[in-house]
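Below is one structure, written out as structure tokens, with a few remarks after it.
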Amino acid sequence: MPFTLATWNINSVRLRAELVLKLLREEAPDILCLQECKSPVDMIPFDLFAQAGYGYWAARGQKGYNGVAILSRLPLADAGHIDWCTKGDARHVAARLENGVIIHNCYIPAGGDVPDRTVNEKFGHKLDYLTELRDHFGANRPEKSILVGDLNIAPREDDVWSHKQLLKVVSHTPIEVAHLADAQESGAWVDITRADIPEGQLYSWWSYRARDWDAADKGRRLDHIWASRDISAAGHGSRILRDARGWTQPSDHAPVFATFDL
DNA sequence: ATGTCAAGCGCAGCTTGA
């Protein structure tokens, strides 16, 4: 049974519950992975999502920061949480579908403003988080697995509006790109979005600070869908719903979609 | 470099994070 999956950094699931419902109604992915829910799990309006047909969920939350949730209209079981860097934050949750597929929903640390771990702890945290993620999937080779989320890195030159101008900007620095590549290689993860759409500029995030995000189009592809190699050929239909960035009181991220024939 | 959001705390408007 094919299923469609979307990943979206919602930047507050309570403030934007109506936008989540709009996405579920209009685009109807089978599974929606959210990041930056910024809410304890018991305050997320799962009843609203259930009324829209999404009765299954797995989530981890904390007050004010981070937070990840998987909403599904297909039966799904909580498959645990990994606390990379052991800070007790809510940056990962996994779920298992009835067909055995494991979905990892990740929110990688943004990394602060200065791309130098000697003066910016948050940048060190980001690199260390990626290293621990790499080691985890190196030791636990993923099979029948999908990893999605706001990875907070735009790895390719055509994943940013200006490669040259962003080389020293956190999210596109060579050291981050190398750490992400190491994490990807350790799990033999396939970047489904780029396997599907190998050519051309592709963005999933536009800053709130740009006065006209659409016209300026200074975007970055920070949100990703990866699949383990054994199921990567089943992935297709990738797209980014740019329109959602223009919805009323939007998230600064747009949802990324892929379909898997499994 | 600029700039705009959101949550917490707590009831105004600051701080932190992105």
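Residue numbers begin at 1 in each chain, while the letters A, B, ... track the order of the sequences.
In this structure, Arg16(A) places its CZ atom 16 Å from P of dT4(B), rounding to the nearest Å. Remark: C1' of dG3(B) and CG of Asp252(A) are 13 Å apart, rounded to the nearest angstrom. Rounded to whole Å, the distance from CG on Asn9(A) to C1' on dC5(B) is 12 Å. Between Ile153(A) atom CD1 and dA18(B) atom P there is a gap of 14 Å when expressed in whole angstrom units. Computed from coordinates, the Gln62(A) CD to dA6(B) P distance equals 19 Å when rounded to whole Å. In this structure, the CD atom of Gln35(A) is 14 Å from the P atom of dA18(B), given to the nearest Å. When rounded to the nearest whole Å, the span between CG of Asn152(A) and P of dG17(B) equals 15 Å. Distance CG (Leu34(A)) to C1' (dA6(B)): 16 Å, rounded to an integer number of Å.
Separation of the C1' atoms belonging to dA7(B) and dA12(B) is 15 Å when rounded to the nearest angstrom. For dT4(B) and dG10(B), the P atoms lie 28 Å apart once the distance is rounded to whole Å. For the P atoms, the distance linking dA6(B) with dA1(B) amounts to 25 Å, nearest Å.
Remark: side-chain polar atoms of Ser145(A) are not paired, donor with acceptor, to backbone N or O of Pro142(A) under 3.5 angstrom.
Residue Ser204(A) is tested with Asp252(A), Asp223(A), Thr7(A) for a side-chain hydrogen bond (donor to acceptor under 3.5 Å, both in side chains); the sole match is Asp223(A). Here the rule is side-chain hydrogen bond (donor to acceptor under 3.5 Å, both in side chains) with Gln35(A), and of Asn105(A), Asp150(A), Asn9(A) only Asn105(A) fits it.
With ring centers used as reference points, Trp84(A) lies under 6.0 Å from His136(A). His179(A) has its ring centre no less than 6.0 Å from the ring centre of Tyr129(A).
Sorted by residue number, the members of residues 202-215 of chain A with any non-hydrogen atom under 4.0 Å from DNA chain B read Tyr208(A), Arg209(A). Using a 4.0 Å cutoff on non-hydrogen atoms, the parts of residues 107-118 of chain A near DNA chain B are Tyr107(A), Ala110(A), ordered by number.
Nearer the 5' end of DNA chain B, as judged by each residue's closest nucleotide, is the contact made by Lys38(A), out of Lys38(A) and Asp150(A). The 5' end of DNA chain B is approached more closely, in terms of each residue's nearest nucleotide, by Val13(A) than by the other of Val13(A) and Asn66(A).
A salt bridge links Asp191(A) with Arg221(A); the closest basic N to acidic carboxylate O contact falls under 4.0 Å. Salt-bridge check for Asp217(A) with Arg242(A): passed, with a basic side-chain N closer than 4.0 Å to an acidic carboxylate O.
A cation-pi arrangement is found for Lys22(A) relative to Trp247(A), the charged atom lying closer than 6.0 Å to the ring centre and inside a 45° cone about the ring normal.
Side-chain contact, His236(A) with Asp261(A): a donor N or O sits under 3.5 Å from an acceptor N or O. Residues Lys38(A) and Asn11(A) have side chains that bring a donor and an acceptor to within less than 3.5 angstrom of each other.
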Taking only N/O atoms, report every protein-nucleotides 10-16 of chain B pair under 3.5 Å with atom names and distance.
none

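The shortest heavy-atom contact between Leu151(A) and Cys106(A) is CD2-CB, 4.2 Å.
Considering only side-chain atoms of Ser12(A), the nucleotide from dA6(B), dA18(B), dG8(B) that sits closest is dA6(B).
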Between Tyr208(A) and Trp213(A), is the ring-ring contact (aromatic ring centres under 6.0 Å, His included) condition met? List the steps.
CA-CA 7 Å; Tyr208(A) 284 128; Trp213(A) 72 273; over 10 Å; no

